[in-house]
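When a ligand or atom number is given, it counts from 1 through the structure's own listing order. Positions are given from 1 along the sequence. When reading the values below, keep in mind they use all heavy atoms of this one structure, side chains included, and skip hydrogens, waters and symmetry mates.
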Amino acid sequence: MAADDLTLRPARREDLGELGRMAAELVRMHHTMDAARFFLPDQVEEGYRWWLGRELESKEVALWIALRAGVVVGYAYGRIEERDWNQLLDSYGALHDVWVAHSERGRGVATALVEAVVSALTAKGAPRVVLHTAATNASAQALFAKLGFRRTMIEMTREAPPPPAGAGGGPRTE
Ligand SMILES: CC(C)(COP(=O)(O)OP(=O)(O)OC[C@H]1O[C@@H](n2cnc3c(N)ncnc32)[C@H](O)[C@@H]1OP(=O)(O)O)[C@@H](O)C(=O)NCCC(=O)NCCS
(Lines give C-alpha, C1' and ligand atoms only; values in the text may rest on other atoms or scores of the structure.)
Protein backbone atom coordinates (compact mmCIF):
# COMPACT_ATOMS: atom_id res chain seq x y z
CA MET A 1 0.00 0.00 0.00
CA ALA A 2 1.29 3.45 -0.96
CA ALA A 3 2.24 6.00 1.69
CA ASP A 4 -0.87 8.10 0.99
CA ASP A 5 -3.06 5.01 1.15
CA LEU A 6 -4.00 5.15 -2.55
CA THR A 7 -3.88 1.84 -4.36
CA LEU A 8 -4.77 0.87 -7.90
CA ARG A 9 -5.66 -2.54 -9.26
CA PRO A 10 -7.53 -4.12 -12.17
CA ALA A 11 -11.25 -4.30 -11.43
CA ARG A 12 -12.83 -7.61 -10.44
CA ARG A 13 -16.39 -8.91 -10.55
CA GLU A 14 -16.96 -7.92 -6.92
CA ASP A 15 -16.36 -4.28 -7.92
CA LEU A 16 -19.24 -4.22 -10.41
CA GLY A 17 -21.66 -2.55 -7.98
CA GLU A 18 -19.28 0.37 -7.45
CA LEU A 19 -18.40 0.47 -11.14
CA GLY A 20 -22.07 0.73 -12.12
CA ARG A 21 -22.59 3.57 -9.67
CA MET A 22 -19.53 5.52 -10.89
CA ALA A 23 -20.25 4.94 -14.58
CA ALA A 24 -23.81 6.16 -14.00
CA GLU A 25 -22.46 9.39 -12.48
CA LEU A 26 -20.30 9.89 -15.56
CA VAL A 27 -23.27 9.28 -17.87
CA ARG A 28 -25.52 11.67 -15.93
CA MET A 29 -22.78 14.32 -15.95
CA HIS A 30 -22.60 14.17 -19.74
CA HIS A 31 -26.39 14.23 -20.12
CA THR A 32 -26.51 17.32 -17.92
CA MET A 33 -23.82 18.99 -20.05
CA ASP A 34 -25.70 18.45 -23.34
CA ALA A 35 -28.86 16.37 -23.18
CA ALA A 36 -29.35 16.44 -26.96
CA ARG A 37 -25.95 14.88 -27.62
CA PHE A 38 -25.48 12.52 -24.64
CA PHE A 39 -28.46 10.26 -24.07
CA LEU A 40 -29.38 8.96 -20.65
CA PRO A 41 -30.38 5.30 -20.74
CA ASP A 42 -32.99 3.88 -18.40
CA GLN A 43 -31.61 1.92 -15.43
CA VAL A 44 -28.17 3.30 -16.07
CA GLU A 45 -26.48 1.68 -13.02
CA GLU A 46 -27.78 -1.77 -13.91
CA GLY A 47 -26.94 -1.28 -17.57
CA TYR A 48 -23.34 -0.37 -16.84
CA ARG A 49 -22.95 -3.16 -14.30
CA TRP A 50 -23.97 -5.55 -17.07
CA TRP A 51 -21.82 -3.92 -19.74
CA LEU A 52 -18.67 -3.57 -17.63
CA GLY A 53 -19.17 -7.10 -16.31
CA ARG A 54 -19.09 -8.29 -19.90
CA GLU A 55 -16.07 -6.13 -20.64
CA LEU A 56 -14.20 -7.61 -17.67
CA GLU A 57 -14.14 -10.94 -19.52
CA SER A 58 -12.33 -9.44 -22.53
CA LYS A 59 -8.57 -9.56 -22.99
CA GLU A 60 -8.89 -6.35 -25.02
CA VAL A 61 -10.07 -4.37 -22.01
CA ALA A 62 -8.21 -2.45 -19.32
CA LEU A 63 -10.54 -1.62 -16.42
CA TRP A 64 -8.86 -0.31 -13.27
CA ILE A 65 -10.11 1.04 -9.98
CA ALA A 66 -8.48 3.29 -7.39
CA LEU A 67 -9.02 2.73 -3.67
CA ARG A 68 -8.27 5.02 -0.75
CA ALA A 69 -7.95 3.08 2.50
CA GLY A 70 -9.79 0.24 0.80
CA VAL A 71 -12.71 2.38 -0.42
CA VAL A 72 -13.26 2.67 -4.18
CA VAL A 73 -12.69 6.31 -5.22
CA GLY A 74 -12.43 6.13 -9.00
CA TYR A 75 -12.10 4.04 -12.12
CA ALA A 76 -10.78 4.18 -15.65
CA TYR A 77 -11.77 2.02 -18.59
CA GLY A 78 -10.14 1.51 -21.96
CA ARG A 79 -10.10 -1.11 -24.69
CA ILE A 80 -8.15 -2.06 -27.78
CA GLU A 81 -9.92 -1.02 -30.98
CA GLU A 82 -9.42 -2.05 -34.61
CA ARG A 83 -8.22 0.24 -37.39
CA ASP A 84 -11.04 2.69 -38.23
CA TRP A 85 -10.95 3.63 -41.92
CA ASN A 86 -13.54 6.39 -41.66
CA GLN A 87 -11.47 8.17 -39.04
CA LEU A 88 -8.12 7.32 -40.69
CA LEU A 89 -7.25 5.97 -37.26
CA ASP A 90 -4.99 2.93 -37.17
CA SER A 91 -5.37 0.36 -34.39
CA TYR A 92 -5.39 2.04 -31.02
CA GLY A 93 -6.28 1.88 -27.39
CA ALA A 94 -9.41 3.87 -26.61
CA LEU A 95 -9.62 5.51 -23.21
CA HIS A 96 -13.38 5.61 -22.70
CA ASP A 97 -14.02 6.54 -19.07
CA VAL A 98 -12.24 8.20 -16.17
CA TRP A 99 -14.13 9.15 -13.04
CA VAL A 100 -12.97 10.21 -9.57
CA ALA A 101 -15.13 10.76 -6.48
CA HIS A 102 -15.76 14.45 -5.79
CA SER A 103 -14.06 14.35 -2.39
CA GLU A 104 -10.92 12.85 -3.96
CA ARG A 105 -10.42 15.29 -6.82
CA GLY A 106 -7.23 17.29 -7.14
CA ARG A 107 -5.09 14.64 -5.44
CA GLY A 108 -3.67 12.84 -8.46
CA VAL A 109 -6.14 9.94 -8.55
CA ALA A 110 -7.10 10.45 -12.21
CA THR A 111 -3.45 10.84 -13.15
CA ALA A 112 -2.65 7.48 -11.57
CA LEU A 113 -5.70 5.80 -13.16
CA VAL A 114 -5.02 7.14 -16.66
CA GLU A 115 -1.36 6.11 -16.47
CA ALA A 116 -2.38 2.62 -15.30
CA VAL A 117 -4.86 2.13 -18.15
CA VAL A 118 -2.52 3.61 -20.76
CA SER A 119 0.24 1.24 -19.56
CA ALA A 120 -2.15 -1.71 -19.68
CA LEU A 121 -3.31 -0.82 -23.19
CA THR A 122 0.29 -0.37 -24.30
CA ALA A 123 1.15 -3.78 -22.84
CA LYS A 124 -1.74 -5.22 -24.90
CA GLY A 125 -0.11 -3.79 -28.03
CA ALA A 126 -1.77 -0.39 -28.47
CA PRO A 127 0.61 1.84 -30.45
CA ARG A 128 -1.33 4.92 -29.35
CA VAL A 129 -4.18 5.84 -27.03
CA VAL A 130 -7.04 8.04 -28.24
CA LEU A 131 -9.85 9.56 -26.20
CA HIS A 132 -12.82 11.85 -26.61
CA THR A 133 -13.79 14.48 -24.10
CA ALA A 134 -16.86 16.71 -24.00
CA ALA A 135 -16.17 20.13 -25.51
CA THR A 136 -17.11 21.89 -22.27
CA ASN A 137 -15.21 19.56 -19.93
CA ALA A 138 -12.29 21.88 -19.21
CA SER A 139 -10.96 19.93 -16.21
CA ALA A 140 -10.75 16.69 -18.22
CA GLN A 141 -9.05 18.49 -21.08
CA ALA A 142 -6.52 20.00 -18.68
CA LEU A 143 -5.91 16.56 -17.18
CA PHE A 144 -5.34 14.90 -20.54
CA ALA A 145 -3.17 17.74 -21.88
CA LYS A 146 -1.01 17.51 -18.78
CA LEU A 147 -0.62 13.78 -19.39
CA GLY A 148 0.64 14.35 -22.93
CA PHE A 149 -2.53 13.97 -25.05
CA ARG A 150 -2.69 16.36 -28.00
CA ARG A 151 -5.85 17.65 -29.71
CA THR A 152 -6.51 15.68 -32.89
CA MET A 153 -10.23 15.91 -33.82
CA ILE A 154 -13.20 18.15 -33.08
CA GLU A 155 -16.71 16.63 -33.07
CA MET A 156 -19.60 18.90 -34.15
CA THR A 157 -23.31 18.09 -33.87
CA ARG A 158 -26.43 19.65 -35.40
CA GLU A 159 -29.86 18.46 -34.37
CA ALA A 160 -32.48 18.00 -37.06
CA PRO A 161 -34.93 20.93 -36.91
CA PRO A 162 -38.57 20.10 -36.33
CA PRO A 163 -40.45 20.03 -39.68
CA PRO A 164 -42.26 23.33 -40.29
CA ALA A 165 -46.01 22.96 -39.82
CA GLY A 166 -47.77 22.07 -43.09
CA ALA A 167 -44.74 22.56 -45.35
CA GLY A 168 -42.22 20.34 -47.09
CA GLY A 169 -39.55 22.95 -46.47
CA GLY A 170 -36.28 23.44 -48.33
CA PRO A 171 -35.36 22.51 -51.88
CA ARG A 172 -36.94 19.39 -53.37
CA THR A 173 -34.72 16.31 -53.46
CA GLU A 174 -35.07 13.23 -55.65
C1 LIG B 1 -11.50 15.17 -14.60
C2 LIG B 1 -11.21 14.29 -13.37
C3 LIG B 1 -11.16 12.83 -13.82
C4 LIG B 1 -9.86 14.72 -12.76
O5 LIG B 1 -9.59 13.86 -11.65
P6 LIG B 1 -8.53 14.26 -10.53
O7 LIG B 1 -8.20 13.04 -9.76
O8 LIG B 1 -9.04 15.44 -9.78
O9 LIG B 1 -7.28 14.72 -11.42
P10 LIG B 1 -5.76 14.88 -10.93
O11 LIG B 1 -5.74 15.26 -9.48
O12 LIG B 1 -4.99 13.69 -11.33
O13 LIG B 1 -5.33 16.17 -11.79
C14 LIG B 1 -4.27 16.14 -12.71
C15 LIG B 1 -4.29 17.41 -13.53
O16 LIG B 1 -5.54 17.52 -14.23
C17 LIG B 1 -5.90 18.92 -14.32
N18 LIG B 1 -7.14 19.14 -13.58
C19 LIG B 1 -7.82 18.23 -12.85
N20 LIG B 1 -8.94 18.80 -12.33
C21 LIG B 1 -8.97 20.07 -12.78
C22 LIG B 1 -9.89 21.15 -12.61
N23 LIG B 1 -11.01 21.02 -11.90
N24 LIG B 1 -9.59 22.33 -13.22
C25 LIG B 1 -8.49 22.46 -13.97
N26 LIG B 1 -7.58 21.46 -14.17
C27 LIG B 1 -7.82 20.28 -13.58
C28 LIG B 1 -4.75 19.70 -13.70
O29 LIG B 1 -3.82 19.97 -14.74
C30 LIG B 1 -4.18 18.68 -12.74
O31 LIG B 1 -2.85 18.90 -12.44
P32 LIG B 1 -2.46 19.86 -11.16
O33 LIG B 1 -3.15 19.25 -9.97
O34 LIG B 1 -0.98 19.78 -11.12
O35 LIG B 1 -3.02 21.21 -11.49
C36 LIG B 1 -12.30 14.48 -12.27
O37 LIG B 1 -12.54 15.86 -12.07
C38 LIG B 1 -13.62 13.81 -12.61
O39 LIG B 1 -13.85 12.66 -12.27
N40 LIG B 1 -14.50 14.54 -13.30
C41 LIG B 1 -15.79 13.98 -13.71
C42 LIG B 1 -15.63 12.90 -14.77
C43 LIG B 1 -14.88 13.38 -15.99
O44 LIG B 1 -14.98 14.52 -16.43
N45 LIG B 1 -14.11 12.46 -16.59
C46 LIG B 1 -13.32 12.73 -17.77
C47 LIG B 1 -14.06 12.55 -19.03
S48 LIG B 1 -14.42 10.86 -19.39
Side-chain angles (χ1 to χ4, degrees), residues 1-11 15-41 44-56 58 60-81 84 87 89 92-122 124 126 128-157:
M1 190 163 282
D4 66 356
D5 227 11
L6 182 72
T7 53
L8 271 73
R9 63 164 170 78
D15 305 316
L16 283 173
E18 286 293 286
L19 284 166
R21 183 185 59 74
M22 294 188 287
E25 287 220 31
L26 192 56
V27 169
R28 290 199 176 96
M29 184 195 86
H30 282 93
H31 185 70
T32 303
M33 281 175 169
D34 184 346
R37 165 61 181 81
F38 300 104
F39 71 87
L40 179 62
V44 56
E45 279 87 357
E46 292 86 336
Y48 275 85
R49 268 205 308 271
W50 173 80
W51 168 250
L52 294 175
R54 217 179 79 159
E55 287 291 85
L56 269 182
S58 170
E60 308 291 276
V61 166
L63 180 52
W64 282 65
I65 59 168
L67 305 101
R68 177 94 57 196
V71 175
V72 178
V73 294
Y75 83 105
Y77 156 53
R79 63 167 11 266
I80 301 289
E81 304 286 353
D84 182 329
Q87 291 198 66
L89 177 53
Y92 64 107
L95 180 59
H96 287 300
D97 296 356
V98 187
W99 187 87
V100 173
H102 292 268
S103 60
E104 288 285 334
R105 292 183 187 171
R107 301 178 69 185
V109 177
T111 298
L113 280 166
V114 171
E115 292 297 2
V117 166
V118 167
S119 296
L121 292 171
T122 304
K124 292 175 190 296
R128 65 192 57 78
V129 173
V130 179
L131 62 86
H132 294 89
T133 173
T136 56
N137 194 346
S139 51
Q141 289 158 28
L143 164 74
F144 298 131
K146 188 174 181 193
L147 297 181
F149 288 84
R150 68 185 189 280
R151 288 174 183 246
T152 42
M153 284 287 277
I154 296 173
E155 180 187 278
M156 300 177 79
T157 302

Would you mind checking which non-hydrogen protein atom is closest to [atom], with the distance to 0.1 Å?
atom                    : answer
atom 45 (N) of ligand 1 : V98 O, 2.7 Å
atom 16 (O) of ligand 1 : L143 CA, 3.1 Å
atom 39 (O) of ligand 1 : V100 N, 2.8 Å
atom 14 (C) of ligand 1 : T111 OG1, 3.3 Å
atom 26 (N) of ligand 1 : A142 CB, 3.5 Å
atom 47 (C) of ligand 1 : N137 ND2, 3.8 Å

What pair of heavy atoms forms the shortest contact from [X] to [Y], and how long is it?
X    : Y    : answer
A134 : F38  : CB-CZ, 4.1 Å
A135 : Q141 : O-NE2, 3.1 Å
R79  : S58  : NH2-OG, 3.8 Å
L6   : A66  : CD1-CB, 4.2 Å

- Of the listed options R105, M22, E25, K146, closest to atom 41 (C) of ligand 1 (non-hydrogen atoms):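 Nearest option to atom 41 (C) of ligand 1, by heavy atoms: R105.
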- Message: Minimum distance, heavy atoms only, to atom 19 (C) of ligand 1: which one of G106, G108, S139, A110 is it?
- Response: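 Closest candidate by heavy-atom distance is S139.
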- Note on the structure: Within the 4.0 Å heavy-atom cut-off, what L131 brings close to ligand 1 is neither
- Less than 4.0 Å between atom 34 (O) of ligand 1 and some protein heavy atom, yes or no?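 Looking at atom 34 (O) of ligand 1, one finds that a protein heavy atom does lie closer than 4.0 Å.
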- Are the side chains of R9 and D15 in touch, meaning some heavy atoms are under 4.5 Å apart? yes
Polar contacts were defined as any N/O atom of the residue lying under 3.5 Å from an N/O atom of the ligand; does this apply to [X] and ligand 1?
X    : result
R107 : yes
L26  : no
H96  : no
M29  : no

Show every donor-acceptor pair shorter than 3.5 Å between a side-chain atom in residues 93-102 and any protein atom, with sequence neighbours excluded, or say none if there are none.
| unit_1 | atom_1 | unit_2 | atom_2 | d |
| --- | --- | --- | --- | --- |
| H96 | NE2 | E81 | OE2 | 3.4 |
| D97 | OD2 | Y75 | OH | 2.7 |
| H102 | ND1 | R105 | NH1 | 3.4 |

- Does T133 have a non-hydrogen atom less than 4.0 Å from ligand 1? no
- Query: Could R28 and E25 be called an ion pair, given the rule that one side-chain N must be under 4.0 Å from one carboxylate O?
  - Reply: no
